[in-house]
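Beneath this line is the structure, given in structure tokens, with notes to follow.
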Amino acid sequence: MLNWRTGAILLLVVALIALPQLPFGEKDLLTLLISLFILAALSSSWNILGGFVGHINLGHGAFFGIGSLVTRSLWLDQGWHILAALAVGGVVAAIVALIVGAPALRLRGTYFAIGTLALAEAMRLTVGNVLPRVSRLPGPELRVYDIEPRYYLALVVLALIVGVSVWLSRSRIGLGMMAVREDEEAARSLGVNVFLHSMLAFVLSAFFAGLAGGAFAFFHVGYYPNYTFGPVWTFDAVIVTYVGGVGTVAGPLLGAIFFVLIRDVLAANLVNIHLIIFGILFIAIVLLLPGGFVELLKRRGQRLIPAGASTEH
Amino acid sequence: MPALLQVEKIVKDFGGLRALSNVSFSVERGETVGLIGPNGSGKSTLFNIITGTFRATEGTIRFNGETISGLPAHQIAKQGIARTFQAVRPFMHLTALQNVLIGSMYGSRTTHGRDQLREQAYAALKTVNLAHKAEREAQHLTVMERKWLEIARSLATDPQLILLDEFMAGLNPTEVSEAVEFIKRLKDRNITVIVVEHIMKAIMSCSERIIVLNAGTKIAEGLPADVVSNPEVISAYLGDSHVHH
């Protein structure tokens, strides 16, 4: 059934696909949108573990870093096709999550957060020491640099992660994950394998962070290898997710739009002031509106629609 | 055929404290058994051991003749043992329907069709009169409704055995008699029940047999009428001075 909401989403998707071909689809706009897609994808991937299962991963940047490092090495240094390089980048990130997850997911709450943070920092420092310079100046690639394929790749990565999030939010396994978030012991008492659900979410989350990192590598081409391992990638994703609405599909997308707009509008005039704005906003949201923008929209919606009318059976 | 649940010589130590010592009993299919005892006598610990939340220090638990002690909690749940918690624990940020759906999706049911699962979840909500609040998040339900939701959620797993941990605490007399009727009706659905309860009148009227724990030891077992007149039970509850020899 095609209601207005699905219609609006379809229209948006078609517009995004057609955009580079349109007269106003200029390079600046595409660049802005690529940053948006990558940040939205990264935040959505964090949300799978942090929002659905409730394990706060503060080392998420490491998986973004692994994805970008592997993708760029295979694509630039080994001459692989970008799609193959991207896929392997995601898979390597997922494998690392599988190895790290076995001990890390035995930790709970703050301990898991601190453990993952420490792990990511260790990885960032190691990469920085082992690969101290830009691996090579990608002259030939930059000479033929075309923004369009970067745009479409980032869009596809975002579409994939959103698709998986939508599926999770409606599937049995997604419900099981949310049960783990709400109450592990009660979830177990109903037959939910808490470790398995946490692990699956962790691996999926890392895989998509890896893809986002790969899309970033394809887009940015020249940067220090440890740059993508930085904690800023983790904290941007966390802030974006909470501001938009943690544990929802739309939350990370709304948060990313808001974040990128504020950052790019303000950064032009006042350097880095967006960080202060987002810091304050983050605290305000956690304290006053734990559901983020999505909660705000829901409340408005409830006021517009009389109680009970919105439920479908 | 062996008894549905066999608890054999269970010992549980927490550090230096012995919470249960050598507790044995069995429960037959279709029975409703009351488990009583003063605070700290080990009732909840026993529930936690049967459901796999705690591991017994010694002893074995068999369900349908198979050893389940040592299995992780989620596997024990899949074998057909459900429980409620002393402090009510629904999934607060999920709707009533989602709460129950998780039970029916992950429990021991064999049906897997999506529509069928939804129907079953609705049916489970109906049995506790919560169908009209299916789309309401558990955090917006009253304490009583949350209790019933928790029951519906555990029944949705299609258990053979359900452990009810102080379900009637805090209920008014009308609600208590409703709860007693509900527990009695579980028998018609072939569900075996173990009830932990402090309200004597309620537990006497819904249990066919009563097991009494005191300080981690089983001190009596039998028909409700026999158990209440057992001098050891009276002394455990009221102190020695109340026992007339």
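We name chains A, B, ... by the order of the sequence lines, and we start the count at 1 in each one.
- Using a 4.5 Å cut-off between heavy atoms, B:Phe85 touches chain A through its side chain atoms alone.
- Using a distance-only test at 3.5 Å, with no hydrogens or angles considered, no donor-acceptor pair links the side chain of A:Glu182 to the main chain of A:Ala179.
- One finds no salt bridge joining B:Arg89 and B:Glu150 here, because no Lys/Arg side-chain nitrogen approaches an Asp/Glu carboxylate oxygen to under 4.0 Å.
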Taking it one step at a time, do B:Asn99 and B:Arg146 satisfy side chain to side chain donor-acceptor pair (under 3.5 Å)? CA-CA 10 Å; B:Asn99 265 273; B:Arg146 288 178 195 172; over 6 Å; no
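- Heavy atoms of B:Arg136 lying under 4.5 Å from chain A are absent altogether.
- Atom CD of B:Gln79 and atom NE2 of B:His74 lie 10.5 Å apart (nearest 0.5 Å).
- If you measure heavy-atom distances from B:Thr53 to chain A, the contacts under 4.5 Å come from the side chain alone.
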